[in-house]
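Read through the structure below, which is laid out as structure tokens, and then see the notes.
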Amino acid sequence: MMYSGAVEVGGPADVHELADLMISKVAVGPMNNNAYLLRCRATDEQLLIDAAAEPHTLLTLIGDGGIASVVTTHQHGDHWGALREVVDATGARTYAGREDAEGIPVPTDVLVDDGDVIRVGRVELTARHLVGHTPGSIALVYDDPHGHAHVFTGDCLFPGGVGNTHDDPKAFASLLHDVETKIFGELPDETWVYPGHGNDTTLGAERPHLAEWRERGW
């Protein structure tokens, strides 16, 4: 089966098989959050992005091999609802953006700044700090040496627009600027986008609409 990124709460994971990395996507919880399990194919080390909800579902996905790390993309509660249970069960290191860590009730082991590299086995993920949805939201970029880039955007970029900035014009301007410069400005159209909720997209599908987003203000 080809990977589509279309998952439902209670349904199976969808698995994107890359040359060096396996990406398993599941939907969990009442807000239809996406959680992503990344596994380095060379070492079998695993990293989870957003322990959002349903710890049993996430621990079943993780399996007996455990995880080395959990990255929380931002401080909103629907993205860390299962973090305590997952960390207690696995002993994983916790990562979060420096400006959001205080808003996450599970202690953050590693404070993440823009440009920091987070490793899962031999795979490197580059953190991009995107300000607007929250003060410390981070996206993670995997620049696949065998293909195109992949970016995990949390709630900062979705099909059809940037994340919610709660009708705050300054926050919207900040988020759109950061997404345009650090994501669209540095990555090609083929880049696959894995958001915090809902279906995936590509930068090429969204790039033509940037001016529309700026004009509408959300």
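Only this structure's heavy atoms are used, side chains among them; waters, hydrogens and symmetry mates stay out.
- L21 places a side-chain heavy atom less than 4.5 Å from the side chain of L38.
- Sorted by first and then second residue, the side-chain hydrogen bond (donor to acceptor under 3.5 Å, both in side chains) pairs with a member in residues 165-180 read E180-R214; sequence neighbours excluded.
- Distance OG1/T73 to CD1/I138: 7.0 Å, rounded to 0.5 Å.
- Residues passing the side-chain hydrogen bond (donor to acceptor under 3.5 Å, both in side chains) test with E215: none are found, sequence neighbours excluded.
- A salt bridge between D20 and R122 is absent, with no side-chain N of the basic residue lying under 4.0 Å from a carboxylate O of the acidic one.
- Atom OH of Y95 is separated from atom CG of L125 by 10.0 Å, given to the nearest 0.5 angstrom.
- Below 30°, between 30° and 60°, or above 60°: for H16 and Y3 the angle between ring planes is below 30°, a parallel geometry.
- Side-chain contact check for H129 versus E99: some heavy-atom pair is nearer than 4.5 Å.
- Taking the six-membered ring where the residue is Trp, W192 and Y194 present tilted rings, their angle falling between 30° and 60°.
- In the displayed structure, E186 atom CD is contacted under 6.0 Å by more than 12 heavy atoms of other residues, nucleotides or ligands.
- Partner of K25 under the salt bridge (Lys or Arg N to Asp or Glu O under 4.0 Å) criterion, chosen from D50, D200, D14: D200.
- At a threshold of 4.5 Å between non-hydrogen side-chain atoms, the residues V9 and V28 do not count as touching.
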Audit row: D155, H74, side-chain contact (heavy atoms from CB on, under 4.5 Å) steps and yes/no: CA-CA 8 Å; D155 283 1; H74 63 287; 3.3 Å; yes

